[in-house]
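Worksheet for the structure shown next.
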Amino acid sequence: MVPKDFLSHYGRQFGTLIGLLVLMLVLWILTPHFFTVPNLLNVAQQTSINAIIAVGMTFVIITAGIDLSVGSIVAFSGVVLASVLQAGLPVPLAIAVGLGVGLLSGLVNGLLITYGRLPPFISTLGMMSVARGAALLYSQGRPISGFSESFRLLATGETFHIPNPVIIMVLVYAAAHFVLTRTKLGRYTYAIGGNEEAASLSGVNVRLYKAMVYGLSGLLSGLGAIILTARLNSAQPIAGVMYELDAIAATVIGGTSLMGGEGRIVGTLIGAFIMGVLRNGLNLLGVSSFVQQTVIGSVIIMAVLIDMALKKQRT
Amino acid sequence: MNNVPMLEMQHIRKTFPGVVALDDVNLTLRKGEVHILLGENGAGKSTLVKILSGAYQKTEGKIILNGQEVEIRGPRHAQELGIGIIYQEFNLVFQLSAAENIFLGRERTNKLGLIDRKQIFESSQKILDNLGVKIDAFSLVKDLGVAQQQMVEVAKALSLDAKLLIMDEPTSALTDLEIKELFATIRRLKKRGVTIIYISHRLEELFEIGDRVSVLRDGKQVGTYPIADMTQTDLIRLMVDRDLKTQFPKQYAKRGEELLRVEGLSRKGVLDNINLQLHRGEVLGIAGLLGSGRTELARALFGVDKIDAGKIFIRGKRQKITSPRDAIMLGLGFLTEDRKSQGLIMTLSVKENVCLPSVERFSRWGIMDLKAEDQAAHQSVQELRIKTPGLSQKVVYLSGGNQQKVVMSKWLCRQADILIFDEPTRGIDVGAKVEIYKLMNRLTAEGTGIIMISSELPEILGMSDRIAVMHQGQLTAEFPAQGATQEKIMGYALGVSNGA
């Protein structure tokens, strides 16, 4: 029963993994530099921020929602974090502020969607603009740069020769996998996305858990902001543009259904890496960034087309 | 009727991963006959029909249409071959007119490339008139009644020149009068040489409309018989292969303490001053016409809809129920009338559905004890004899009867002892019905109280201890089930008789 269960649960993700491996193989043949330890660690580090934000996006999309505001929340959390750091707040407290701003922005989304009965698309579209504007206002449109070594180590340091952002990413994914598969929050996330009315009639406090999921998405955007700010040694009010699309793409490539109720966190990790590896490989090959955009867009479309074709075959 | 069969299906086999849905099924249809397909849910009727309509491909076997072997490649191809199907859920665009629906996707255009509306409406009207139904081709489908919408579906199939029409539970949403009209239409179609495959669970109507009946059981064919040679008892026995001594195996349990008391419950425009009690060990049947407030009463009790006035006492203590969560915490369980949209989460597994209301029971600090959950789900599946390949099977792949058992097991697993069953056996075959009745017996013997809302009067009479009748948002009568008659219930339901 175990392999069969495993396949029925992770069959889709297995396919995506094969896609990633094939992609890596091709890049290895085309450019030998790709398959070196420093470059692979570089890919992992580059991918980490999108991958972390995509975790929150995966939760949201499993509830059949969407969060368009993650990129703007990254910018807003970033500038607030930067300002309190420069004001001399100790690093742990500053990190808490950065996470808190993200969490609160996400919770506002959640409240608008649950108590305000707004469609997630509208609510987070509004928040996308509001948070961006708030970031610009707060920083008066200027980047805030220059932080202590101890803060920057969060992104630039290594632990056991592995870049810290990669370690943070792995921890976030392990935690998210645990939450989705073994906790009440995870079970309810799937239930709400699968059939909100049935979930409510089964005693699930739909509003509470939906709000929590959007809060989680905001919180992880805050975490993304911390890593980004530490890496660049600067917080930009215009940071994180298009992050929402990368996160949605990673989620969808990873097999999470936009209809809700279905998805695995491992898939999102693989999805994020497909995007990261592709960007890195195209860079190594000297492909222009204009072409890159087009290629990545095509990959997203292809991944979903293949997924739908396979799903049809199965029924 | 001539002797060349219109359609023959020979040695049809259909397998899904891990399941044999059909095994060596042979079906011969004569031109112009109404051929009944009978079987419990999960017996393979839908699969057989889906092979004919091109939705599924057979694994083995031959299909011979008018003497020629055919491979039905898809729904479109089935249409071209003259096979039309009318599903329980209509495939109509409600915002369009009847005529536009009939020709949807096949609109003929004039010289300018615009849709030839005149031609569409005229042909549609002609088809509708020939069917003998009074429907204006211009009327919007959303403004039509269910029976008329069904006729639009029939017209659509006929406009495609269907020679074989498959009707899946066509009467499930119709009133008696509408059923009579449907049968008249079917007879007209027969005269025109249209062959009909008719699927229904309502045994009594089969004798009125059918010519022959083929019975399926567990994917195998039991046999094909002229309907005139059969009785209802024969058919039930063939379907379930066990003699059902009685359709309603009611066992009376000891009536215990009061579980639920409702005083003066009102919801503006829907419920008016409802008073009722439910004791341990009893089934309170609630009868009434559609729209009489039965489901609304259940929803109000369960905290889904707000109440404007009234008191609810649970085990003697006054309680405020403002959400389903409150209700569940107080030991209530609600089996909704629509299991697909309200009862089940189709994307989740059997286990996840069964345990959903009990997640808190298996959690500490938000972390679930998956082993305990597995055990509880396993136990429920065994107790209710839910047919599933495993606990991780998605419920969407189960048959209707098994899905209904999953919904019931949600509340058993939660150990709810005040159960509200809204139409617990709707769309379920005879065998599964009896199993559900037996389960109700077991529950009442254990001290559970059940409120059973049902449109089927025999079910109300056969399974209740007491009967309450609703009429226009009021409880108009309450009496013991023993000695009651269908006429008596109907009298109160229609508002002809007055309060008890």
Side-chain angles (χ1 to χ4, degrees), chain A residues 1-12 61-64 114 175 177-209 212-213 216 255-264 310-315, chain B residues 16-18 55-56 298-299 302-304 323-330 332-336 338-349 351-370 373 389-397 407 410-411 414 416:
Chain A
M1 273 314 273
V2 172
K4 197 182 143 201
D5 254 28
F6 181 80
L7 264 190
S8 78
H9 275 126
Y10 292 102
R12 169 64 176 73
I61 291 183
I62 291 175
T63 67
T114 53
H177 178 75
F178 182 82
V179 169
L180 269 185
T181 54
R182 314 204 53 140
T183 70
K184 204 159 80 169
L185 171 63
R187 182 64 58 81
Y188 287 172
T189 301
Y190 284 109
I192 291 168
N195 185 343
E196 195 172 317
E197 193 178 1
S200 167
L201 286 169
S202 299
V204 177
N205 189 338
V206 172
R207 285 177 169 174
L208 174 69
Y209 284 92
M212 277 171 74
V213 164
L216 178 69
T256 298
S257 159
L258 283 172
M259 307 294 290
E262 288 175 299
R264 306 275 156 200
L310 289 177
K311 256 191 190 152
K312 208 171 179 184
Q313 213 175 40
R314 257 179 272 153
T315 49
Chain B
F16 294 103
Y56 289 162
R299 287 172 65 90
F302 202 64
V304 189
S323 71
R325 209 180 124 75
D326 290 349
I328 291 167
M329 291 298 176
L330 290 166
L332 272 76
F334 183 19
L335 184 128
T336 50
D338 186 340
R339 65 176 169 268
K340 280 199 178 114
S341 73
Q342 301 177 323
L344 291 172
I345 295 174
M346 291 296 180
T347 50
L348 294 189
S349 66
K351 176 182 101 173
E352 288 162 327
N353 271 287
V354 168
C355 297
L356 189 57
S358 322
V359 162
E360 285 178 21
R361 246 182 68 202
F362 303 117
S363 314
R364 253 182 89 187
W365 303 105
I367 295 168
M368 296 181 66
D369 180 351
L370 296 185
E373 191 197 16
L391 293 176
S392 54
Q393 176 81 343
K394 287 191 177 175
V395 286
V396 67
Y397 299 120
V407 185
K410 279 169 64 173
W411 304 116
R414 174 76 216 189

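Here the structure is a predicted model, which is why all the values come from computation and not from measurement. Chain naming here is simple, since letters A, B, ... match the order of the sequence lines and numbering starts at 1 in each.
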Side chain from CB out, backbone as N, CA, C, O: work out which of these in B:W365 comes under 4.5 Å of a heavy atom of chain A, or both, or neither.
-> neither
For B:S363, is it the side chain, the backbone, both or neither that has a heavy atom under 4.5 Å from a heavy atom of chain A?
-> side chain
Can you tell me how far the CD1 atom of B:I367 sits from the NZ atom of A:K184, to the nearest 0.5 Å?
-> 11.0 Å
If you count heavy-atom pairs under 4.5 Å with chain A, which of B:S341, B:S349, B:G333, B:G303 comes out on top?
-> B:S341
Where does B:R414 contact chain A at under 4.5 Å (heavy atoms): side chain, backbone, both or neither?
-> neither
Minimal heavy-atom distance between B:K340 and A:N195, with the atoms involved, is O-ND2, 3.5 Å
Roughly how far apart are B:E373 CD and A:R182 CZ, rounded to 0.5 Å?
-> 10.0 Å
Which one, B:R325, B:M329, B:R299, B:M368, leads in non-hydrogen pairs under 4.5 Å with chain A?
-> B:M368
Distance, nearest 0.5 Å, that separates CG of A:L201 from NZ of B:K410 = 7.5 Å
Do the side chains of B:T347 and A:Y190 get nearer than 4.5 Å, heavy atoms only?
-> no
Among the listed options B:E360, B:K394, B:M346, the residue most often paired with chain A at heavy-atom distances under 4.5 Å | B:E360
Looking at CG of B:L370 and OG1 of A:T181, how far apart are the two atoms once the value is rounded to the nearest 0.5 Å?
-> 7.0 Å
Engaged part of B:I328 at the chain A interface, taking heavy atoms whose separation is under 4.5 Å = side chain
How far apart are the closest heavy atoms of A:S200 and B:P324, and which atoms are they?
-> O-CB, 3.3 Å
Let me know if B:F302 has heavy atoms under 4.5 Å from chain A in its side chain, its backbone, both or neither.
-> side chain
Just wondering, more than 12 heavy atoms not from A:M259 lying within 6.0 Å of its CE?
-> no
Under 4.5 Å heavy-atom distance to chain A, tell me which part of B:T336 shows up: side chain, backbone, both or neither.
-> side chain
Can you find a pair of side-chain heavy atoms, one from A:Y188 and one from B:L356, that are under 4.5 Å apart?
-> yes
